[in-house]
Every structure is written in structure tokens, then in C-alpha cells.
2 protein chains.
Amino acid sequence: MLKGGYQGKVLRVNLTTGEITKEELKEEMARDYIGGAGFGLKYLYDEVPGDADPFGEDNKMIFAPGPLSGTSSPCASRMSVVTKSPLTGAVGMATSGGHFPVELKFAGYDALIVEGKSEEPVYIHIKDDQVKIRKADKIWGMETFDTQSFLKHDLNDQQLRIACIGPAGENLSKMACIINERRAFGRKGVGAVMGSKNLKAIAVRGTGTVQIADENAFKEARSAMLKHMKESPVLYPSFSKIGTPMMVDAINALGMFPSENFMTTGEKDYTPDIGAEKSIEASIASEPCYGCPVGCSQLKLVRGSSKYIGALSDPEYETYYSFGGQTGVRDLDSIIAADNLCDRLGLDTMSTGVTIGFAMELYEKGLLSKDDLSGFDLKFGNHEAMYDAITEIAYKKEGLGELLADGSRVLSEKLGKASEDYAMHVKGLEFPAYDPRGAKAHGLNYATSYTGADHNRGYAFQEIFSIPVPYAVDRFAIEGKGKLTKWDQDVRTATCDCPTMCAFLFDMALPGTALENTANMVNAASGLSLTPEEVERVGERVNNLARLFNISAGMTRKDDTFPKRIMTEPIKAGDSKGQHIPQEDLDAMLDEYYEVRGWTKEGVPTKEKLQELNIKLG
Amino acid sequence: MLKGGYQGKVLRVNLTTGEITKEELKEEMARDYIGGAGFGLKYLYDEVPGDADPFGEDNKMIFAPGPLSGTSSPCASRMSVVTKSPLTGAVGMATSGGHFPVELKFAGYDALIVEGKSEEPVYIHIKDDQVKIRKADKIWGMETFDTQSFLKHDLNDQQLRIACIGPAGENLSKMACIINERRAFGRKGVGAVMGSKNLKAIAVRGTGTVQIADENAFKEARSAMLKHMKESPVLYPSFSKIGTPMMVDAINALGMFPSENFMTTGEKDYTPDIGAEKSIEASIASEPCYGCPVGCSQLKLVRGSSKYIGALSDPEYETYYSFGGQTGVRDLDSIIAADNLCDRLGLDTMSTGVTIGFAMELYEKGLLSKDDLSGFDLKFGNHEAMYDAITEIAYKKEGLGELLADGSRVLSEKLGKASEDYAMHVKGLEFPAYDPRGAKAHGLNYATSYTGADHNRGYAFQEIFSIPVPYAVDRFAIEGKGKLTKWDQDVRTATCDCPTMCAFLFDMALPGTALENTANMVNAASGLSLTPEEVERVGERVNNLARLFNISAGMTRKDDTFPKRIMTEPIKAGDSKGQHIPQEDLDAMLDEYYEVRGWTKEGVPTKEKLQELNIKLG
């Protein structure tokens, strides 16, 4: 019997039948999957066929915070959404912060499962135990910020917290995201799945609280956690002031800041224009998630006199890359404005920027003409064209919009073989802001993550920050990276994606103590008694379950790969000069990775491994 | 001793000294001025010198709801702000609905007086009896919707109601307004006065209630009022569904819908493109003010595929005119988008549209070149140029922006005599959406209203709607219009601007019973015992006080006039064909008006009149 942390209830809303049910959360589920992504994967694996059409009635969306969300744990207002991704065809898992995650807990739920498909636009309105499916014909077509303020007014409740899609999600762009406040469940086209279900928004108001099983133990665990946070040389001294954009300088220094669709990585220094110093100058305030003492999110306001004047947004490092280096743009104002526009239209800034950068290379190479691109002069560095392209994409307008709206892989498929070598994605998911040629475990994670090229599923902080946990590594080395990547993926899943806990905290303050911290916090909150090893095992279980889902979706070892550019073109300058990941290096890393995971040479989990993890085949 | 309706307290915030004081509201003040504009005028007259610089430290802003605001009276969430207007140099009085007005009451105040001038950007934060002046450096430069959502997040209170200025107010555009939610204190440049005081916003949260002196009497008065509302053939059957845009059809039919800077009024039919039918098609939802059962405000969302896609706003009839007929624009999407943009940037849609329309005529006549206008092709009907000009104006950008940002009068002064004849303003305030040539009392009100060409201070519904209250009139006639205008101004002031009560209600349901209704409602709420005649007398008192202020600001009979176009160019077609208001007609109306007001031939209130009204000369 769960004594706290959890609310003990899962809400299920079927949009086809209109049925709304509340199910008990079993203790076994909590113990084996903790929460968040764990719950999401478990429900996805059990209930969605691997070959389901992501836009079909069979696909589901599982929104789940974790047992720490809504407690006094810092940095735990996080939530994952799991679904089958239309962008990748694999597991689509995305996370978000803000206030929405804890609000669902306060309303009394450990997860919300959305299934089926409404015939007409609807939204879900949750006020504690009252749950309604309401017509959304009024708000269909609205941008996300307007949708949130309209619903608060219309439902006469300013304290609602709302997750919603914009026009991009409605138009089924495979790069569509889900927005709550300014936060995004950003990647893998999760917004398009909502769109396909005709689900415009989820509006939640909760007036309850989250119980704590053992107050004293929780206090103690929390104090230890806060102490680790204070001891971090990075978290408060710089990260809380600059936020993720501080990474522009760090990754530039490593020669890994992707430039011009990864063509010129290492050759150009972007820090004078969009580095930490510029970022601090443009910042006006921090806008923290619920219960966060760090407040990394730094709002920026465009002053001056540019086209982007008045734009307000909080672009993350990944957006500095996707609308900056990747597109060759050095105009910070345009990056802030592009971030804001993507949020309003409900587009993932990463996939959108990367796809625009890809199209820029195709345009410069003559594979796309101005005519193909609705007259846009889509040269590298043309920030105005970049900015204007976003609206075309969100509305899938004829020409550029239709061409780019489904991301890099679909674009390369439309153009044929010649373009595929530099379509920068794995399994359809566009690359994050780290050129993997300069950090091999980071690259191996791109290749093997269950969501595609996703820095958030197994971030190799050992290579990026030189933190020797669990041991020191050479970022260019190949050997040992299989083992490291397994550790990164499992531990991060178990300590961030499931409890749920902010991953920035993990990277910057807690990696060495994360398993213990998670065990102590979750146990104290819930009355469970997980050991640190069992916590790690949860991460492994989730990654195996995800692998099984992807296999049932048709994926094999050959999908654990890179675009040809990464394998054949060495970086030409900078601190990662000469680095690339030829096929044999990738193969060596994959072999090691599969082996340490207890998978076959083809990357299939063995029966023994599944038995060990207590996973029953579906 | 006031027993209800009023909170009995006036809040005074001095931005120069930082002093915050709370003063008792005297019963005498309530009896003689009721509230709202009455309070505002009394404080302005007593405390601000007539020759004060509107942007100087001497000018003050008095925000005041009325005794009905925050009670269960329908349609009473209204507030007036009174200041010396930078646009007119006269009394600047503007009103707004929404939720902000009642929130100030709930916080415990009958008025907020802002005086002095801060050296640095600040905002005022009111939480019941806690009042703070806080730094606004973070939000300086932000558009109004962002400002509101940012402050709610920053102050961790989603239930705040916020009035704020946008970039236009910060840049001291004399057309700048104050926005709360989507509502505006629109006219007379009140937003620029806030800007000159370095006051970005007023954020209020009130947790109190408003007492009622005699519950039974109030219930009875309220029932009578609701009955009148239900009996109106217009209020619920059409006005609540279409809102003010229903006037496009009505005023077109009268041949009074202003077209192309009043050049072609009556010659063109705008209803097929922007009439009531189109308006209904574009409406998605009503967004009522606090406590309003009518909900006239009709939100519109631009769907389709135009440049304006996704724009969401609730343009009033006046905006259909200023960005429609006045500019020769027939594209409803562009009007919705222009309305939204003006709200965000903090510009009055009326003055802005009228000034753009004026510039269009100057451009077509060759008095302004494309070079003068920053390259804009500002032809009548060019909705894209119209829309793009708004941003130039709000930021006072070099060229078009600087030229137009201070309204029509300043623009005509810059260009000299040749342009003045068709600069459509009185005392600097741009014309509303009724060509006064077709409704003479309506015109006389433009000429004599204490705020300039203001339809809201003495709306001649007798001419516009043929409602025979207090008696029937011929809209083209001159005789009797002086007397009618006095009645319209006094009764409307006393029954709408002071209690405070929505003026739409007055026009459409209550004109015949408004004085009685106001007396009954205010008396029951407060314990006062005003007769209907005394209520009317409050209106007269306020109008006289305002006249005295304007005289001390240097105004004379010659300022009660029209641009030459109205006096010399008869309307060429339609139901008002042949009509104009030559000087002798204006003189005849003014003579009658002054006489019935008890003013001298020069329009100066006599000592006897002031004694009768119990006004002491300052």
C-alpha cells in the first residue's frame, strides 16, 4: 500500500467513447517503474501495438509526473509524455517543467492516459475529481499563449494550468510540440499526436496536496540534496544566472558547437555574438518552474530597433544552436524571436531549426531552388528568412511550409538519396546541439537512445564536463563507451525521467549521488524501500521495455546509426579537429553496448535479460 | 457615514517621494460626485493646475471605479481614469471594463491617485492594504499581454489583475492607451501620461467584498434593472451576439459610416465586407467583463491563410471604422490583427487608425511622399501598409513612426495649414465612427465634450437609434440640439461614468429610466438618498467642473469647433446626402447649448451656475 508521494490514481480519458475512468495505481507499478517516463513506457508497451499508426486511434498518450512532483523536493515539477512518435516511428518520450506537472498531482493523479480519437476538436478539463471533455471548436486555430489565457478566462479560473497545442499540432506537423506556459514537451512530434486526436488542450486545476510517508526521512534526504546543490561549482554560481545558454561557450571551446548543418563545426566561433556574455546582457529575469530554487530559465526581451523588437522568450542552449550555429545565424534577437514564435505556433525549436539549416544547405547546393522554397532566400545566416519560414512550416503552407513541416528525414526522402547523407537525424529525430564526432559516448547515445538522436536520454556529462562519474573518460576514445552509455541512459532515466527530477540538476550537482538521492527521496515520500541498485535497475528496465517497443515497431541494429557526414567527414578545425565516427568505430561501440546490455549482436534483449528485469513479453 | 457601495478609502501613491497614503472618502464627495469620472474630475480640478505640463510632475492620474463596482449589479465593472491629456491639453478621461476595476474595489479602494514621477521605471503592486512601488526595469519594453503574464508569474499570483502600458506609452506616443486584459483605457493618450511617470503597470489583488447598505432595496432595484434589460429589443437579441460591430450596418444605413478620412462618407457600402454578418462569422466566443450577463465583447480569430492568420482580438465598432472605413480597408482579418497589435503595443485603435487614414489622404494628395513615410505605400485600402505602420508608430521609428505617433493634430501642425482642413479631430482628439454631418447633436457633442471629439461623453442615441428619450428629434435639425446635448452629456456622465455603469446598457436598455435606476442602485448600495434630479445634477456638476479645468488650460469658444471638411463639404451620397454643419449652424447650436448650460456666450460657466451647483472656484 503506497503511503505518500503517489496519489494512487491513474486517470484514463477515452476520446472515442467519451469514457472517463479512474484506476488504482498498483504498488508493483510504483516499485518497478517509479513514475514519469517509467509509467509512460509501461502503459505504452502494454497497450499500444508496435505497428500502430502514430496518428491512429490505437496510439495513446501517457502524461505522468513522478512521486516527487508536488512534494517539497526542489526541481521536481517535471512530467513526461509517452506516445508512439510520428516523427520517428519509435517511442516518443518528451518531458517538460513548469507548473502543469505538479498541478496534475494536486488534482489527484499519478498519470493521465489519453486514448482514442475525438471526431471534433475537444479539450480535457480537470478540476480535482471532476473531469470533462469539452468542445474546443472556439480555440481550434489559436496559438498556444492565447489558448491558455482564453481558457482561463472562459472557465473563470485564473489558476488553471494548461498544456496545449498550437497550429502546428493541429496541422499534424511532425515537429509539433505541446506547450504549457512557456515550457514545451518539445520533441518527437508529440504535439501532432494530440492534433491527430483532435485534442487541443488539457486544463488542470488541483487543490489537493501530496502526502509524505516519512516526514523526517524526507527532510533529511532533502537537506542532503540541497547541500549537494550548494556544493556544485556550477549550479548556483553560473547556471542559475545564465541558464543553458552558458553551453554555447563550453561547446564552442570543445570544437563541438554545430555550425551550418554540421558542415563547418569547429571552424567558426559563435561566442562573440551569441555566447554567455551576450546572453546575460539580453536576460531580464528568471522564470522558475514550480518549487525550483535555481531558476535557470532566463527570459530575454528584444529591445533595440530590429525586426524582432519586443519579442520575449527564454531560448535554451539547444535553440541557440538550432536557430544559431546550425543555420549560421549570429543575430541573438532573431533567435529570441524565433523561440517565441515556435512556442506560440507549437513547434519544436530544435527540429524546426535543424530542418531549416538542412534546407539551407540544400538550397546553397542547388538541391532546392528559390521556387521550391516559396521565394525564400534561404541562405546560411539569413535570419529573416529563417524567422519567416517558421510560420510557413506551422501552417504547412504550400511550398516551403509543406516541404519542411515534417522534419529532416521526410524532407530528405522527398529529395532522394543525394540529400540523405547530411540529413542530421537518427531514426528521424534531428540532432541536438553537440556534434557527436567530438564526444563518442554522447554520439553512441544519439545512435541508441530509444527516442532517436536525443541528448536527454543519456547525456555524456563525463565527456562534456569532464566529470569523472562513475569514472573518467577520454571523449575521443571508442573503447568503454558502450558501458558508459548504458550507465548514462539507465541512471538518467531512473533518477530524472521517472521520479521526476530536473536533468540539469543531475548533470551539474548530483551525478555521483543521484541513485542514492533518488532512493532516499522516493522511499521517504512513498514508503517504498528501493535500494540505489534497484533504482538503477528501474532505468535499465525502462530502456529495455522501450527497446522492445521499438523492435516491435520494426527497428533493428541498422537504425542505431548516424548520417553519413558524421561517419565520413572529419571535423576540420578546433578542439575536435580530425574527429569523426567511421562505421567500424560505431560498430565497435554498438557491440560493446549491446553486450553490456545483455542484448544480442542484433540489439535484441535476450530472454535472460528480460527475466532478470522481470519483464514479461507482451 | 457611508454604509456600503463605497470602501471609504482613497489610495494615494506619490512616485516622486515614494510616499503611499490612505485617505478617508468623505460622504460629501460621494454625494456630490458619486464615483468614477466624478471623483476623477474633482481631484483633477482641485489638485492639478490647468496649465500643468501633461508629462510633468504636476500632472496626476486618478483611477476610480464607482459605488456599484464590485456589487452584484450587472455591467458595473467599469473604471475611469482622469488626467490632463497630452493629446488634447484638456481633461483626459478614459474608461475601461474588464476585471481590473472591481479588483481595486475588492482591495479596498474607491480611487487610486497616482502623482509625481519616478526617476526609474516602476510598477505599483497592491495586495489589499499592502501597497508597494516596485522596480519595473525588467518589464520596461514589454508588450502589454506579456507584461500581464510576466507579472503574474513573477509575483506568483495568477489572480492579479493588471493595467499596464506597452511600448507606445513608454515612448510617449500621444495616442498611447492603458491595457488591462484585452480592455483599454483607450483614448486621450492616458498611456503616455503613465509612461511619462515611468509607471509601467498597476497590479492589483483584492480579497475583500463590497458591502450593501440595504440588501432588500438593492435586490429590488437590481430586479427592475434586469427587467429593463430583458425588455430591450436590442440588448440580448442582437447586441449580446454581435457586440458593437452591429453598428457597421446601422451607421452605413444612415449614410454616416466615415469613409476614407470622411472624404467619401455615404458613397461606399462597407457592410458586405465588414458588416454584422461577416462579424458573426468571424466570432468565436464572448469574453465578458466581470459580472456582465450580456458579454458583448466578441472574440475573433483569423483562420484562413492571410498574412494575419492566427490573430485573435475583439475589435469594437470604433475599430471597424478606424482601421476599416476610415482607411478604406475592407479586409476584416487585417482589422482583427490591427486591433490585436494595438492592444499589445498599447496604442489607441481609434486615434491610430484615424491618423493613418489622414496620412493616406495626405499621401494620395501628394502632401506626404513615400520617402516621408519610410517607404510605405500608404494608399487608401492598403491594409498591409496600414498594419505594418502600427509598429512604426508604437516605437516612434524614424520617418512614418515619428511623424504619426502623436496623432492627427500634431501631424497637421508639422505639415502646415494645407492639411488642417481635413485633420479629423476636435481639440486634438480624433473623430469617432459617426460622421457628425448626419447627426447634429452627436456633432455638437463632439464640439463641446470636455475631452474633445468623444462619442462616449454625450452619445446622441436619439439621432442614431431614433429612441424618443427624453423626446423625439430630427437628426438633421439644428434647433433643440443644444438642449439635447446638455441632457445627453449630463445624464450619461451621471448614470454611466460615475456609478460606474456600462454605457452600452444605457443606450440600449435604460435611457428613459437611467436616472431613477442610478438613484435606486446607488442609494440602496451606499445608504445615500439621492433623487433622480440630484443624480442628473451630479452629471451637470462634473461637466461644469471639466469646463472650468479646460478654461484654465486656455480653451475658449473657438475650440468648440470642427475641422473645415465637416463645415464646408456636404456628404455626397446616401441617407445623409447634402448634410454638413456650416459655421452658422454650429454657432446656433453652441449659442443654445451655452445658454441652456447657464454659460456665457463665450462658453464660460457663470457664477450663478457654479453657486447653484455648489462648485467653489479653485
Side-chain angles (χ1 to χ4, degrees), chain A residues 98-99 136-154 156-161 166-168 170 181-182 205 283-290 297 299-307 309-313 340-341 344-346 391-392 394-398 401, chain B residues 98-99 136-154 156-161 166-168 170 181-182 205 283-290 297 299-307 309-313 340-341 344-346 391-392 394-398 401:
Chain A
H99 287 66
D137 48 328
K138 294 175 186 175
I139 49 179
W140 202 252
M142 248 185 230
E143 54 107 309
T144 59
F145 295 175
D146 283 341
T147 299
Q148 295 178 64
S149 67
F150 176 84
L151 283 181
K152 287 180 186 181
H153 201 288
D154 205 43
N156 198 22
D157 186 352
Q158 291 293 315
Q159 294 190 81
L160 281 168
R161 300 294 182 169
E170 296 176 10
E181 288 140 69
R182 296 180 189 284
R205 172 81 188 285
S283 290
I284 56 157
S286 136
E287 202 172 60
C289 298
Y290 174 89
S297 173
L299 267 180
K300 285 154 189 76
L301 176 60
V302 176
R303 289 173 168 133
S305 65
S306 76
K307 167 182 171 128
I309 189 167
L312 178 76
S313 208
N340 178 275
L341 189 59
R344 289 183 184 272
L345 298 175
T391 302
E392 304 289 308
Y395 289 103
K396 279 195 173 176
K397 290 195 185 177
E398 208 188 321
Chain B
H99 288 66
D137 49 328
K138 293 175 186 175
I139 49 178
W140 202 253
M142 247 186 230
E143 53 106 309
T144 60
F145 295 174
D146 283 341
T147 299
Q148 295 178 64
S149 67
F150 176 83
L151 283 181
K152 288 180 186 181
H153 201 286
D154 205 42
N156 198 21
D157 186 352
Q158 291 293 314
Q159 293 191 81
L160 281 169
R161 300 296 182 170
E170 296 176 11
E181 285 139 71
R182 294 179 191 284
R205 172 81 188 285
S283 289
I284 55 156
S286 135
E287 202 172 61
C289 297
Y290 174 91
S297 174
L299 267 180
K300 286 156 187 76
L301 175 61
V302 176
R303 286 170 169 136
S305 65
S306 76
K307 168 183 170 126
I309 187 167
L312 177 77
S313 207
N340 178 275
L341 189 57
R344 290 182 183 272
L345 298 176
T391 302
E392 304 289 310
Y395 290 102
K396 280 197 172 173
K397 290 194 185 178
E398 208 189 320

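Throughout, protein chains are lettered first and strands after them, A, B, ... in sequence-line order, and every chain is numbered starting at 1.
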*Measure distances from L160(B) to the heavy atoms of chain A and classify the residue's part below 4.5 Å as side chain, backbone, both or neither.*
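For L160(B), no heavy atom lies under 4.5 Å from chain A.
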_Less than 4.5 Å to any heavy atom of chain A: does that hold for the side chain of D157(B), its backbone, both, or neither?_
neither
*asked:* Heavy-atom pairs under 4.5 Å with chain B: which of R182(A), Q148(A), R161(A) has the most?
replied: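 Of R182(A), Q148(A), R161(A), R161(A) has the most heavy-atom pairs under 4.5 Å with chain B.
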*Greatest number of heavy atom pairs closer than 4.5 Å to chain B - which of D154(A), T391(A), I284(A)*: I284(A)
*Select, from H99(B), R303(B), K152(B), E143(B), the one with the greatest count of heavy-atom pairs under 4.5 Å involving chain A.*
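Option with the top pair count is R303(B).
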_Check against salt bridge (charged side-chain N to carboxylate O under 4.0 Å, His left out), R344(A) and D146(B)_ = CA-CA 12 Å; R344(A) 289 183 184 272; D146(B) 283 341; 3.6 Å; yes
*Give a yes or no on whether the backbone of S297(A) and the side-chain of E287(A) come within a donor-acceptor separation of less than 3.5 Å.*
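No, E287(A) side chain to S297(A) backbone: no donor-acceptor pair under 3.5 Å.
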*Between L301(B) and G310(B), which heavy-atom pair has the shortest distance, and what is it?*
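Reported closest heavy-atom pair: CD1-O, 3.6 Å.
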_So which atom in A168(B) and which in G346(B) form the shortest heavy-atom distance, rounded to 0.1 Å?_
CB-O, 3.4 Å
*K138(A) side, atom NZ; L299(B) side, atom CG - distance, nearest 0.5 Å*: 9.5 Å
*What part of E181(A) lies closer than 4.5 angstrom to a heavy atom of chain B: side chain, backbone, both or neither?*
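For E181(A), side-chain heavy atoms alone lie under 4.5 Å from chain B.
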